[in-house]
S.K.: 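Input: one structure, supplied below.
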Amino acid sequence: ESKTSRLGHIRNADVLIYTDSSLKNSFKAGDTYTHRVYYIKKQAYINNVLYYLISLEPSSVRGTVGWVKATDLSSYEHTVVDKDEKFFYIKGTGNAYTKAWGGKKDLVYKLSKYKDQIFQVHLTEKVGNNIWHRGKLNGKTIWIHSNDLYTSNIKKTHYNITLNQALQLQLKASPQTDKKYAYVSKTYVSNGKVTASTLNVRSEPSTRQGNKSIIGQLSNGTTVKVLGEHYSGWYTIEYTKGAAWRQAIPSDVLYYLNPNNFINDEKQQFQFLELDKLSGASSTALNNFLKGKGTLAGQGQAFIDAGRKHGINEVYLLSHALLETGNGSSQLARGVEVGIDKNGNPVLVTSKNRTSLKNIKKVYNMFGIHAFDSCPLECGAKKAYQEGWDTPYKAIVGGAAFIGNSYIKQGQNTLYKMRWNPAAMVGSNSIGKQYATDIAWAAKQVNTMYNLYKEIGIKSLNLDIPVYK
């Protein structure tokens, strides 16, 4: 007798299985012992004929069934490749088994219903020339053949529009930035000094909004730092006061619009991550990341439930919520009281109107749904009330539906597409539906996603890179 390491299948029900190496007693394999894989850890030459000891466990002591003539088995050498942690995606082909090279009696799942789900591997083995990976899927430890898995998938989507044409369309929508510049009329600035008695400083190079766009004033003789004339008749000046948001200059818009500025950046390539594929992160990992994050702390399972229910990457949802709520500290994240007035309309609760309102509830909005620039708190709270988001959990799961239905499931399944919507620019010669006006919105979103992917050890990315003609 000697040690070996193989896996074997009994294909024929008439094959004899001997109870010990004396070969005195035997029984037929029958239906009971066929169509499943056995571990082979011991072999012996008996009367110059090779026999294998088959076992239900990877042991020559535990789980042994008996001795079988080598020629009555299909068998292959069985070796460990590594025990490294890896992440794959399931193609949706083939099956999952209780053992590598499993038979129909080892079947656990047909993989068609798990298409594109993450599969975290902790053991890789080789059976003959075939590679098998072991990990957990839907709570069970299973084996999947390497041919039924894939790793990072980078695809390129070509758009029939030039980058400059795309820029001109985006500029029509007054894209915003939080950079510290603003606009003044070129007529009233000479040699870097204000010539008007009082010069209005505006958040955009236009008077179309009247006083609404005025964010400050400069008196006669004030020295200004002119950054350029980016819009005809208007100087862009360095300006740190006033409202945070200003219309972006064309060069800044172009920088964030151009995918080539980000595709080779390890962190920024997450702008192109396909958000309709789950990461597979555990609630423990998410909760560790959420410690100290206000009302989002401890909500890891909520993000997982939201991702699974709506088919959205759960790490993205977490990242999005952190950005929208200022790490769980915003008023909408802490909860806002809303009640129904005498006309049946939801209104914010105040000390003055509290007694006149009905059905007062504290509601939450973790993704800024309907928190428009003109009424972020009121509109966001009313939407939360109407949707019934009266707990952080409901706000996370319910808000994810809005993001999924309105953007990701409509084809805007990357941060880049949500911000810039290249398909709309090609299809309707307009910017179409966009999630944000901030030109850097997609770039800002990636930080948490990148850090969490790195912390968990997920290396498999599915990217969709836009290419302009």
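Computed from a predicted model, the values in this text were never measured in an experiment.
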S.K.: Is there a donor-acceptor contact under 3.5 Å linking the side chains of Lys136 and Thr141?
M.R.: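 On atom types as modelled, these side chains do not qualify, holding no pair under 3.5 Å.
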S.K.: Report yes if some heavy atom in the side chain of Asn220 is under 4.5 Å from a heavy atom in the side chain of Leu199; otherwise report no.
M.R.: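 They are not in contact (no side-chain heavy atoms under 4.5 Å apart), so the answer is no.
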S.K.: Do the side-chain N and O atoms of Arg419 and Gln434 include a donor-acceptor pair separated by under 3.5 angstrom?
M.R.: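 Looking only at side-chain atoms, Gln434 and Arg419 do form a donor-acceptor pair, the distance falling under 3.5 Å.
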S.K.: Any side-chain heavy atom of Thr157 within less than 4.5 Å of one from Pro466?
M.R.: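 The answer is no; the side chains never approach within 4.5 Å.
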S.K.: Between Asn421 and Gly432 (side chain of the first, backbone of the second, donor and acceptor by atom type, cut-off under 3.5 Å), is there such a pair?
M.R.: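 Not at all, since once roles are kept as given, no pair shorter than 3.5 Å links the two residues.
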S.K.: Kindly indicate whether the side chain of His145, heavy atoms from C-beta on, has any atom under 4.5 Å from the side chain of Asn130.
M.R.: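 The answer is yes, as the side chains (C-beta and beyond) meet within the 4.5 Å cut-off.
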S.K.: Quick check against the 3.5 Å criterion: does Thr222 have a side-chain atom that pairs as donor or acceptor with the backbone of Leu218?
M.R.: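 No, the answer is negative, given that no donor and acceptor are paired below the 3.5 Å cut-off.
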S.K.: Tell me whether the rings of Tyr181 and Tyr183 are parallel (<30°), tilted (30 to 60°) or perpendicular (>60°).
M.R.: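 The arrangement is perpendicular - the two ring planes meet at more than 60°.
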S.K.: When rounded to the nearest 0.5 angstrom, what is the spacing between CD1 in Ile396 and CG in Asn365?
M.R.: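 So the gap between those two atoms works out to 11.0 Å.
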S.K.: Any idea how Tyr39 and His78 line up, ring-wise: parallel (<30°), tilted (30 to 60°), or perpendicular (>60°)?
M.R.: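 It falls in the tilted class, 30° to 60°.
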S.K.: Could you walk me through whether Asn258 and Tyr468 pass the side-chain hydrogen bond (donor to acceptor under 3.5 Å, both in side chains) test, one step at a time?
M.R.: CA-CA 9 Å; Asn258 188 351; Tyr468 294 95; over 6 Å; no
S.K.: Quick one about Thr414 and Asp464 (side-chain donor to acceptor, distance below 3.5 Å, no hydrogens or angles considered), yes or no?
M.R.: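 No, because no side-chain N or O of Asp464 sits under 3.5 Å from a partner of the opposite role on Thr414.
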S.K.: Just wondering, do Trp143 and Asp106 contact through their side chains at under 4.5 Å, heavy atoms?
M.R.: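 They are not in side-chain contact.
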S.K.: Within the 4.5 Å heavy-atom criterion, are Lys225 and Ile237 side-chain neighbours or not?
M.R.: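 Side chain of Lys225 against side chain of Ile237, heavy atoms only: no contact under 4.5 Å found.
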S.K.: For Ala401, does its backbone N or O pair with a side-chain atom of Asn405 as donor and acceptor, under 3.5 Å?
M.R.: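 Judged by distance alone, yes, a pair lies under 3.5 Å.
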S.K.: Can you tell me if NZ on Lys433 sees more than 12 non-hydrogen neighbours from other groups inside 6.0 Å?
M.R.: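 Yes, the 6.0 Å shell around NZ holds more than 12 heavy atoms from other groups.
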S.K.: If you count every heavy atom of other residues, nucleotides or ligands that lies below 6.0 Å from Asn211 atom CG, does the total exceed 12?
M.R.: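 No, not enclosed.
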S.K.: Hey, can you tell me if Phe88 and His133 have their rings parallel, tilted or perpendicular (30° and 60° cut-offs)?
M.R.: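 It falls in the tilted class, 30° to 60°.
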S.K.: Are side-chain N/O atoms of Gln247 and Thr177 paired as donor and acceptor at under 3.5 Å?
M.R.: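 Note: Gln247 and Thr177 side chains miss the donor-acceptor criterion.
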S.K.: Would you say that Pro346 contacts Gln386 through its side chain, given a criterion of any heavy-atom pair below 4.5 Å between the two side chains?
M.R.: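 A side-chain contact exists here, since the closest heavy-atom pair is under 4.5 Å.
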S.K.: Any chance the side chains of Ser428 and Ser430 put a donor and an acceptor closer than 3.5 Å?
M.R.: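 A donor-acceptor contact under 3.5 Å links the two side chains.
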S.K.: Side chains of Tyr453 and Asn313 only: does a donor on one sit below 3.5 Å from an acceptor on the other?
M.R.: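 Yes, because at least one side-chain N or O of Tyr453 sits under 3.5 Å from a partner of the opposite role on Asn313.
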S.K.: For atom NZ of Lys309, decide whether the heavy atoms of other residues, nucleotides or ligands shown that lie under 6.0 angstrom number more than 12.
M.R.: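 Not buried by this count: 12 neighbours or fewer within 6.0 Å.
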S.K.: Do Lys293 and Phe289 meet the cation-pi criteria used here (NZ or CZ under 6.0 Å from the six-membered ring centre, within 45° of the axis)?
M.R.: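 Here Lys293 passes the 6.0 Å and 45° test against Phe289.
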S.K.: If we count only N and O atoms by modelled type, under 3.5 Å, do the side chains of Asn200 and Gln217 hold a donor and an acceptor together?
M.R.: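 Note: Asn200 and Gln217 side chains meet the donor-acceptor criterion.
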S.K.: Quick check: does any side chain N or O of Ser330 sit under 3.5 Å from a backbone N or O of Gly326, one acting as donor and the other as acceptor?
M.R.: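 Side chain of Ser330 to backbone of Gly326, a donor-acceptor pair under 3.5 Å: no, none is there.
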S.K.: When you measure from the side chain of Asp265 to the backbone of Gln269, do you find a donor-acceptor pair of N or O atoms at a distance under 3.5 Å?
M.R.: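 No.
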S.K.: Any side-chain heavy-atom pair from Leu123 and Glu125 closer than 4.5 angstrom?
M.R.: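 Yes, their side chains come closer than 4.5 Å.
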S.K.: Could you check whether atom CG of Asp84 has more than 12 heavy atoms from other residues, nucleotides or ligands sitting under 6.0 Å from it?
M.R.: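 More than 12 heavy atoms, drawn from other residues, nucleotides or ligands, come within 6.0 Å of this atom.
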S.K.: Go through the structure and list residues passing side-chain hydrogen bond (donor to acceptor under 3.5 Å, both in side chains) with Gln165, not counting sequence neighbours.
M.R.: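 Counting only residues at least two positions away or on another chain, Gln165 forms a side-chain hydrogen bond (donor to acceptor under 3.5 Å, both in side chains) with Thr162.
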S.K.: How long is the gap from OH on Tyr239 to CZ on Arg246, to the nearest 0.5 Å?
M.R.: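 It comes to 7.5 Å.
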S.K.: Measure from NZ or CZ of Lys417 to the centre of the six-membered ring of Tyr407 and say whether it is under 6.0 Å with the direction within 45° of the ring axis.
M.R.: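 Negative - Lys417 is either too far from the ring of Tyr407 or too far off its axis.
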S.K.: Can any side-chain N or O of Arg202 pair as donor or acceptor with the backbone N or O of Gly210 at less than 3.5 Å?
M.R.: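 Indeed, once roles are kept as given, a pair shorter than 3.5 Å links the two residues.
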S.K.: State, without any angle test, whether Ser356 and Asn353 hold a side-chain donor-acceptor pair at a distance under 3.5 Å.
M.R.: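 Absent: no donor and acceptor within the cut-off.
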S.K.: Has Glu274 got a side-chain atom pairing as donor or acceptor with Asn413's backbone, closer than 3.5 angstrom?
M.R.: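 No, the answer is negative, given that no donor and acceptor are paired below the 3.5 Å cut-off.
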S.K.: Can we call the ring centroids of Tyr235 and Tyr188 under 6.0 Å apart?
M.R.: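 No, ring centres 6.0 Å or more apart.
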S.K.: Supply the atom-to-atom distance Leu296 CG to Leu286 CG, rounded to the nearest 0.5 angstrom.
M.R.: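 CG of Leu286 is found 11.5 Å from CG of Leu296.
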S.K.: Quick one: side-chain hydrogen bond (donor to acceptor under 3.5 Å, both in side chains) partners of Asn95, sequence neighbours excluded?
M.R.: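 side-chain hydrogen bond (donor to acceptor under 3.5 Å, both in side chains) list for Asn95, sorted by chain: Tyr97.
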S.K.: Excluding sequence neighbours, so at least two apart, what forms side-chain hydrogen bond (donor to acceptor under 3.5 Å, both in side chains) with Thr93?
M.R.: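 Applying side-chain hydrogen bond (donor to acceptor under 3.5 Å, both in side chains) to Thr93 gives Asp148.
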S.K.: Do any pairs count as a ring-ring contact (aromatic ring centres under 6.0 Å, His included) and have a residue in residues 311-339, sequence neighbours left out, and if so which ones?
M.R.: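 Sorted pair list: Tyr316-His320, His320-Phe367, His320-Tyr435, His320-Trp441.
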S.K.: How about Lys361: does its NZ atom have over 12 heavy atoms from other parts shown lying under 6.0 Å from it?
M.R.: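 Open.
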S.K.: Where the side chain of Trp132 meets the backbone of Ala100, is there a donor-acceptor pair that is under 3.5 Å apart?
M.R.: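 Flag not set: sc Trp132 to bb Ala100 has no pair under 3.5 Å.
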S.K.: Between Asp438 (side chain only) and Ala440 (backbone N and O only), is there a donor and an acceptor less than 3.5 Å apart?
M.R.: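 At least one qualifying donor-acceptor pair exists.
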S.K.: Report the residues that fulfil side-chain hydrogen bond (donor to acceptor under 3.5 Å, both in side chains) with Tyr114, sequence neighbours left out, ordered by chain and then residue number.
M.R.: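 Result, side-chain hydrogen bond (donor to acceptor under 3.5 Å, both in side chains) vs Tyr114: Asn138.
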S.K.: Enumerate the residue pairs fulfilling ring-ring contact (aromatic ring centres under 6.0 Å, His included) with a member in residues 337-356, sequence neighbours excluded, ordered by first and then second residue.
M.R.: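 Listed by first then second residue: nothing to list.
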S.K.: Donor-acceptor pair, distance only, cut-off 3.5 Å: does the side chain of Asp341 make one with the backbone of Leu357?
M.R.: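 Judged by distance alone, no pair lies under 3.5 Å.
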S.K.: Please determine whether the number of non-hydrogen atoms from other residues, nucleotides or ligands lying under 6.0 Å from atom NZ of Lys180 exceeds 12.
M.R.: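 Atom NZ in Lys180 is crowded, with more than 12 foreign heavy atoms closer than 6.0 Å.
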S.K.: With side chains defined as the heavy atoms from C-beta onward, is the minimum distance between Val338 and Val347 less than 4.5 Å?
M.R.: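 Of all side-chain heavy-atom pairs linking Val347 with Val338, none is under 4.5 Å.
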